[in-house]
Asks: 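Take this structure first; my questions come after.
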Protein chains: 2
Amino acid sequence: MNPLSSFQPFESKIEEFANHHPDAPKREIILNRLYYHVFKLVSERQNHQLSPFGLNSSSWFALIMIHSTPDNAINPCNLSYAMVSSRTNITRLSDELVEKGWVERHASGEDRRKIVLSLTQAGRQLVEAVLPLQWQHYRELWSVFNAVELEQFEFLLRKLLGRIDLPMGGSCEE
Amino acid sequence: MNPLSSFQPFESKIEEFANHHPDAPKREIILNRLYYHVFKLVSERQNHQLSPFGLNSSSWFALIMIHSTPDNAINPCNLSYAMVSSRTNITRLSDELVEKGWVERHASGEDRRKIVLSLTQAGRQLVEAVLPLQWQHYRELWSVFNAVELEQFEFLLRKLLGRIDLPMGGSCEE
DNA sequence: TATTTATAATTAACATGTGAACTATTTTTT
DNA sequence: AAAAAATAGTTCACATGTTAATTATAAATA
């Protein structure tokens, strides 16, 4: 007898629910919750992997985005655009990364409204050290799919995205 | 010329990144972020649909879980189990739902440590009114997939869940 | 050129979630 | 029965995110 999935409690409820509501879109309701459920677990997993380094999935992603920019330097506005996160949150994240000594704030030469966020040496070293570990975790997670399934999953996610995608707005494109 | 996807900024970055890191698991990295990205949009969408009723996706889900329980009544502990959410958060959510007049707190007859959360008449009416609208939104969202794709997507999500699922722990099973 | 408008970053207030510590009970063990 | 352990709910402190308002600067326009 195999142990119950963490999704089981919800499945019992929806089963009961569907019995009383025969016209409910049961499959769609399950898909919605299943998507959320998997997201939550994946997210917890990554945070757990990153916490020994004083990172979480947000701060890690911010470092990677800075690292992926020429000169390892970016404006908060561009970072907000790349992370699809509010400017306010970028300010807070920057505070945190500066506090930890991984990022520096400098005034921009061209535009006195702008700030430049750049990786410190410690920041670069951290990224280089953690990258291979993260790659390994990604490979482990997605190795549950074979080549065809990977292809299918990406295709389906992009199709789903197409249904709900929003116009870009904003003016901070690079 | 079609407008850019909101996922485009990330795709540019990862492209640049992969050029400098040929051994990076590019596809896995994209899948990870794409999953997050779609989650965020789906979530925003649902919150937007629910906000006219003074609901968000959490409070709505809590109401549905109570509604799906015999007698429309549940202990915070069971609700926490069904929602896969901390007890602390259930306390806060309950405060909110009670405040809005949709839920009542009563002492349990059997066990003096326990509380019973039950729907008020207003709560039941709200659920019955919002349910068909939510069903419609679910149908709209997932109608982007045909029958085979729905089947595939659910299969793949469950497979992914299998890779990261956690033992249930806890003692609040029904 | 002077005025208006837009942009960049921040602050303040608040929304939503978590874990640790606490209180009150119930259950288990000795 | 008394002591110990487990369970239910709450409060507190804090993590992580958002929107609205504010300040400074740059760009557009009249």
Side-chain angles (χ1 to χ4, degrees), chain A residues 36-37 39-41 43-48 50-51 54-62 73-100 103 105-117 169-174, chain B residues 36-37 39-41 43-48 50-51 54-62 73-100 103 105-117 169-174:
Chain A
Y36 170 83
H37 196 86
F39 170 76
K40 196 165 179 173
L41 290 178
S43 195
E44 275 171 12
R45 197 178 135 99
Q46 191 182 27
N47 283 321
H48 188 254
L50 289 170
S51 70
L55 289 163
N56 58 41
S57 51
S58 267
S59 51
W60 171 244
F61 192 65
I74 197 173
N75 305 119
C77 193
N78 294 119
L79 185 54
S80 163
Y81 180 74
M83 291 184 72
V84 193
S85 179
S86 68
R87 303 237 184 121
T88 305
N89 196 36
I90 300 302
T91 297
R92 193 187 57 73
L93 268 174
S94 303
D95 288 346
E96 181 187 324
L97 297 175
V98 168
E99 167 81 23
K100 297 205 171 178
V103 164
R105 272 193 177 97
H106 295 292
S108 162
E110 329 141 2
D111 187 333
R112 292 174 58 186
R113 291 170 304 181
K114 289 187 178 175
I115 292 284
V116 176
L117 300 170
S171 57
C172 251
E173 300 88 36
E174 297 248 87
Chain B
Y36 170 83
H37 196 86
F39 170 78
K40 196 164 179 176
L41 290 178
S43 195
E44 276 171 11
R45 196 178 135 100
Q46 191 182 28
N47 282 321
H48 188 255
L50 289 169
S51 70
L55 289 163
N56 58 41
S57 50
S58 266
S59 51
W60 171 245
F61 191 66
I74 198 173
N75 305 119
C77 193
N78 293 120
L79 185 54
S80 163
Y81 181 72
M83 293 184 69
V84 194
S85 179
S86 67
R87 302 234 184 126
T88 304
N89 197 36
I90 300 301
T91 296
R92 193 186 57 72
L93 268 174
S94 303
D95 288 347
E96 181 187 323
L97 296 175
V98 168
E99 167 81 25
K100 299 205 170 178
V103 165
R105 273 193 177 96
H106 296 291
S108 162
E110 327 142 3
D111 187 332
R112 292 175 57 186
R113 291 169 305 181
K114 289 187 180 176
I115 291 284
V116 175
L117 301 170
S171 57
C172 251
E173 301 87 36
E174 298 249 87

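These numbers come from the heavy atoms of this one structure, side chains and all, not from hydrogens, waters or symmetry mates. Nothing here was measured: the structure is a model prediction, and the numbers come from that model.
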Asks: Calculate the interatomic distance between A/N47 atom CG and D/dC14 atom P; express it in whole Å.
Replies: 20 Å
Asks: Distances under 3.5 Å between protein N/O atoms and the N/O atoms of nucleotides 1-7 of chain D, please, pair by pair.
Replies:
residue	atom	partner	partner atom	Å
D/dT7	O2	B/R113	NH1	2.8

Asks: Sequence neighbours left out, what passes side chain to side chain donor-acceptor pair (under 3.5 Å) with B/S59? Give chain and number order.
Replies: B/N56
Asks: Could you work out, with salt bridge (charged side-chain N to carboxylate O under 4.0 Å, His left out) as the rule, every residue matching B/R113, not counting sequence neighbours?
Replies: B/D111
Asks: Grab the OH-C1' distance between B/Y81 and D/dA8 for me, whole Å please.
Replies: 17 Å
Asks: What residues, two or more places apart in sequence or in another chain, satisfy side chain to side chain donor-acceptor pair (under 3.5 Å) together with A/R105?
Replies: A/D95
Asks: Taking CH2 from A/W60 and P from D/dT16, how many angstroms apart are they, rounded to a whole number?
Replies: 16 Å
Asks: Once side chain to side chain donor-acceptor pair (under 3.5 Å) is applied, do any residues pair with A/H48, and if so which ones, sequence neighbours excluded?
Replies: none
Asks: Look at all strands and tell whether A/D111 reaches a base, only sugar-phosphate, or nothing, counting heavy atoms closer than 4.0 Å.
Replies: sugar-phosphate
Asks: Of all residues at least two apart in sequence or in a different chain, which pass the side chain to side chain contact (heavy atoms under 4.5 Å, CB included) check with B/R87?
Replies: B/C77, B/S80, B/C172
Asks: Over how many whole Å does the gap from B/N75 atom CG to D/dA8 atom P extend?
Replies: 8 Å
Asks: Of all nucleotides in DNA chain C with an atom under 4.0 Å from a non-hydrogen atom of chain B, which is the first and which the last going 5' to 3'?
Replies: C/dT16 to C/dT26
Asks: Test of understanding: with salt bridge (charged side-chain N to carboxylate O under 4.0 Å, His left out), list the residues that count as partners of A/E44, not counting sequence neighbours.
Replies: none
Asks: Looking at D/dT11, does its base get a donor-acceptor pair with the side chain of B/T88 below 3.5 Å?
Replies: yes
Asks: Please find the pair of heavy atoms, one from A/N47 and one from A/S57, that lie closest to each other, and give the distance.
Replies: OD1-N, 2.8 Å
Asks: Return the residues of residues 91-99 of chain A meeting this criterion: a heavy atom under 4.0 Å from some atom of DNA chain C. Order them by number, or give none.
Replies: A/T91
Asks: For a quick test of reading the model: is some side-chain N or O of A/S86 closer than 4.0 Å to OP1 or OP2 of D/dT18?
Replies: yes
Asks: How is B/S58 classified with respect to the nucleic acid when contacts are heavy atoms under 4.0 Å: base, sugar-phosphate, or nothing?
Replies: sugar-phosphate
Asks: Looking only at heavy atoms, which two atoms of B/V116 and B/N75 are closest? And how far apart?
Replies: CG2-ND2, 4.0 Å
Asks: Among all residues two or more places apart in sequence or in another chain, which pass the side chain to side chain contact (heavy atoms under 4.5 Å, CB included) test with B/F39?
Replies: A/Y35, A/Y36, A/F39, B/S43
Asks: What residues form a side chain to side chain donor-acceptor pair (under 3.5 Å) with A/S94, not counting sequence neighbours?
Replies: none
Asks: What distance separates B/R45 CZ from B/L50 CG, expressed to the nearest 0.5 Å?
Replies: 11.5 Å
Asks: Return the value, rounded to whole Å, for the distance between atom CG of B/N56 and atom P of D/dT19.
Replies: 14 Å
Asks: 5'-most contact on DNA chain D: A/N89 or B/I90, nearest heavy atom basis?
Replies: B/I90
